[in-house]
There are 2 protein chains.
Amino acid sequence: MTEKKAYNVAVVGATGAVGQKIMQLLENKSFPINELKLLSSKRSAGKKLLFGNKEITVEEATPDSFKGVDIALFSAGGSISKELAPEAVKRGAVVVDNTSAYRMDEHVPLVVPEVNNEDIANHKGIIANPNCSTIQMVAALHPIKKSFGMNRIIVSTYQAVSGAGAKATEELKVQAQQFLNEEEMEANLLPVSGDKKHYPIAFNALPQIDVFGDNGYTFEEMKMINETKKIMHDEAISVAATCVRLPFFTSHAESVYIEVDQDGVEVADLWKVLEAADGIVLQDNPDAQEYPTPLSAADKEDVFVGRVRKDLDNPKGFHLWVVSDNLLKGAAWNTVQIAQSLIKNNWL
Amino acid sequence: MTEKKAYNVAVVGATGAVGQKIMQLLENKSFPINELKLLSSKRSAGKKLLFGNKEITVEEATPDSFKGVDIALFSAGGSISKELAPEAVKRGAVVVDNTSAYRMDEHVPLVVPEVNNEDIANHKGIIANPNCSTIQMVAALHPIKKSFGMNRIIVSTYQAVSGAGAKATEELKVQAQQFLNEEEMEANLLPVSGDKKHYPIAFNALPQIDVFGDNGYTFEEMKMINETKKIMHDEAISVAATCVRLPFFTSHAESVYIEVDQDGVEVADLWKVLEAADGIVLQDNPDAQEYPTPLSAADKEDVFVGRVRKDLDNPKGFHLWVVSDNLLKGAAWNTVQIAQSLIKNNWL
């Protein structure tokens with residue numbers, strides 16, 4: 001028995017929106033912690049945060065912060081992960097990284113535990129947490145793919161502002177109040193902090209999340225396409241994405257079209273595998289107007305699926321509406337699940 | 001020369017959101033009016049409305065209201081159209097109906113002038129104006145279909161609350177202020193007035209527009225599917241729709257996936273036919289972050305298209321983002337265009 005009873009855990013980016021959710025989950029899920037280290041950029045160092053009833057001072061993350069750390073959960077932006085994750089690994093920690101820094105690195109497993117948990121075993125020190133909009137989609141589609149095969153995914157997203165950080169949440173609130181006061185809305189941040197132009201998000205929809213690549217797709221769209229193939233271990237599956245930012249605070253929703261391989265699959269077959277799947281809650285009763293919404297899914301760890309319909313022209317085509325809290329299953333909860341799996345399976 | 005110089009026009013539902021837009025357009029486009037009659041339900045009769053600088057008293061619509069009327073523009077709900085449109089026709093008027101009452105009637109042309117203007121010639125007294133979300137989609141797709149063929153459409157919509165009427169607009173405003181005040185949001189109307197359950201639309205997304213049919217699709221989704229085939233004169237084209245109500249006031253946006261028939265079509269080919277098409281404005285420059293949004297398209301008559309991309313897996317597949325003011329091209333403007341065409345082509 002090599003399993004330790006309790007672990008030294010570091011949360012990097014502890015003061016951020018996702019870092020805070022990670023701390024809540026570590027506490028609520030009684031994660032077996034010996035010592036919890038809270039790390040951040042220099043700017044946030046010195047702040048005091050409560051973990052349970054214990055006050056912990058946030059320290060600036062440096063290479064030597066990771067001495068003695070068993071598990072380091074990174075959620076402080078790509079550049080900090082690029083700089084410090086290898087340093088943490090050198091010092092013996094296993095890193096679960098919530099940024100895009102290592103996701104497409106062929107030596108780094110990209111994991112949604114309900115889909116490809118066993119990939120964690122192959123880690124070389126770093127395991128990557130996928131993009132929020134990818135996680136909930138593959139979680140919902142994996143049980144269907146496993147049962148009936150799947151060769152095609154076309155998704156249009158409806159994404160919350162909290163995916164762009166706490167400042168974007170504040171910008172939506174300020175703009176909404178400005179509009180209701182019949183004042184001009186000030187746009188300084190969205191769609192992308194640091195990009196050339198900014199547009200109001202309140203009472204609007206912005207078909208741009210992250211910057212544009214040369215092929216006319218945004219990086220967010222390419223993340224959904226590339227990460228889905230990697231997580232599903234299926235380079236041949238056709239994946240297309242259109243990602244849209246919308247004026248709500250929490251939870252991403254997705255209108256997903258799929259084509260299965262098998263003949264004769266019916267909606268009831270999809271319901272059955274979705275109901276049996278870990279982490280999925282089926283909310284699909286048109287007669288009772290039951291379907292998930294961003295508000296109904298907020299603050300919950302599950303992925304909610306509704307509006308399951310057979311395509312009227314293609315007997316192998318189906319439509320689904322997939323909703324989940326982008327900060328929980330889309331980020332913090334998936335990260336903590338990977339850490340739980342590392343311990344449970346002795347994969348540290 | 002049988003063309004008259006000026007016409008007796010009736011607007012049925014003059015006090016409603018679309019009726020008001022119709023009156024503005026009749027004035028702004030200098031529609032050749034001899035006498036303008038404003039009609040409504042008994043409830044709104046007696047109100048006085050300005051047309052130009054002339055005050056007109058709204059009268060209750062009855063069968064005899066249509067005596068001497070040349071063109072009657074109906075926008076007062078399906079039951080009034082069902083009752084009174086035939087009475088107007090009996091009395092010699094040609095009806096342009098903006099409700100769903102006659103759209104799928106095989107004897108009634110369903111018209112988007114940029115797509116199937118010539119169908120107006122076959123009218124037997126009534127011409128139907130399509131559903132708002134259908135109009136902007138077929139307007140954008142028709143020039144592509146005409147040039148390259150098209151066999152498949154999959155659309156996910158992002159629809160404004162004004163499509164559910166002035167009360168829905170008010171509900172969004174009230175709920176948004178309640179949320180910002182940290183009060184509970186009151187939901188009394190959306191997604192569907194008179195349906196069993198109501199959910200907040202502010203800072204949320206509701207995957208239900210109109211009531212559900214037995215096949216799990218909403219009526220709004222079935223309208224998009226059936227009306228598109230009728231307007232395009234193509235029963236064989238595969239059309240799938242997922243319709244979602246969102247917290248903005250004006251303009252519907254649509255994430256549209258299409259498959260063309262021809263080989264070797266490129267994005268530049270689509271740009272070319274879209275730029276040349278009547279009523280379409282191409283806004284597609286990722287480098288400059290140019291794309292249409294609900295706010296940018298509001299109060300404009302055109303259909304705006306951006307985010308044109310080739311599917312990465314299917315060389316005949318393309319993605320588009322289509323946005324238009326749901327009360328203008330989606331309703332009032334298309335209605336007035338049909339009336340203009342009736343006159344211009346001597347089809348009254």
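Nearest approach of D313(A) to V239(B), heavy atoms of both residues: OD2-N, 3.1 Å. Here the shortest heavy-atom pairing between A205(B) and P294(A) reads O-CD, 3.4 Å. Contact detail for S238(A) and D311(B): the closest heavy-atom pair is OG-OD2, 4.4 Å. F212(B) and R307(A) make their closest contact through CE2-NE, 3.4 Å (heavy atoms, listed as atom of the first residue, atom of the second, distance). Of all non-hydrogen atoms in Y158(A) and T157(B), the two that sit nearest each other are OH-O, 2.8 Å. Scanning both residues, Q208(B) and Q289(A), for their nearest heavy atoms gives OE1-NE2, 2.9 Å.
Contact annotation for A160(A): neither backbone nor side-chain heavy atoms come within less than 4.5 Å of a heavy atom of chain B. Both the backbone and the side chain of T218(A) have a heavy atom closer than 4.5 Å to some heavy atom of chain B. For A176(A), the parts lying under 4.5 angstrom from a heavy atom of chain B are both the backbone and the side chain. Contact of L295(B) with chain A is made through backbone and side chain together, with heavy-atom distances under 4.5 Å. Both the backbone and the side chain of F203(A) come within less than 4.5 Å of a heavy atom of chain B. In this structure, no portion of D284(A) lies under 4.5 Å from any heavy atom of chain B. Interface residue A202(B): only backbone heavy atoms are found under 4.5 Å from chain A. Proximity to chain A is limited to the backbone of P292(B), based on heavy atoms less than 4.5 angstrom apart. Within the 4.5 angstrom heavy-atom criterion, atoms from both the backbone and the side chain of Y217(A) approach chain B. Both the backbone and the side chain of L312(A) have a heavy atom closer than 4.5 Å to some heavy atom of chain B. Only the backbone of A241(A) comes within contact range of chain B, judged by heavy atoms closer than 4.5 Å.
Checked against the 6.0 Å centroid threshold, F179(B) and F248(A) do not count as a close aromatic pair.
In this structure, NE2 on H319(B) lies 8.5 Å from CD on E221(A), to the nearest 0.5 angstrom. Separation of atoms CG (D287(A)) and CG (D214(B)) is listed at 7.5 Å; rounding is to 0.5 Å. Between the CG atom in L246(B) and the CG atom in L246(A) there is a gap of 5.0 Å [rounded to 0.5 Å].
The choice from P200(A), G213(A), G216(A) that makes the most heavy-atom pairs within less than 4.5 Å of chain B is G216(A). Interface summary for chain B: among T250(A), I225(A), V244(A), V161(A), the most heavy-atom pairs under 4.5 angstrom belong to V244(A). For the options A288(B), G306(B), S296(B), heavy-atom pairs under 4.5 Å to chain A are most numerous at A288(B). Contact count against chain B (heavy-atom pairs under 4.5 Å) is highest for D195(A) among I154(A), V192(A), D195(A), V323(A).
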Exercise. Check the pair N215(B), R309(A) against side chain to side chain contact (heavy atoms under 4.5 Å, CB included), reporting the backbone distance first and the verdict last.
Key: CA-CA 8 Å; N215(B) 63 356; R309(A) 286 158 293 150; over 6 Å; no

Exercise. Start with the C-alpha distance between Y257(A) and S156(B), add both sets of side-chain angles, then the distance that settles side chain to side chain contact (heavy atoms under 4.5 Å, CB included), and finish with yes or no.
Key: CA-CA 10 Å; Y257(A) 170 78; S156(B) 296; over 6 Å; no

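Side-chain contact between E290(B) and K197(A) is present, with at least one heavy-atom pair separated by less than 4.5 Å.
No more than 12 heavy atoms of other residues, nucleotides or ligands sit less than 6.0 Å from atom CD of E184(B). In the displayed structure, Y199(B) atom OH is contacted under 6.0 Å by more than 12 heavy atoms of other residues, nucleotides or ligands.
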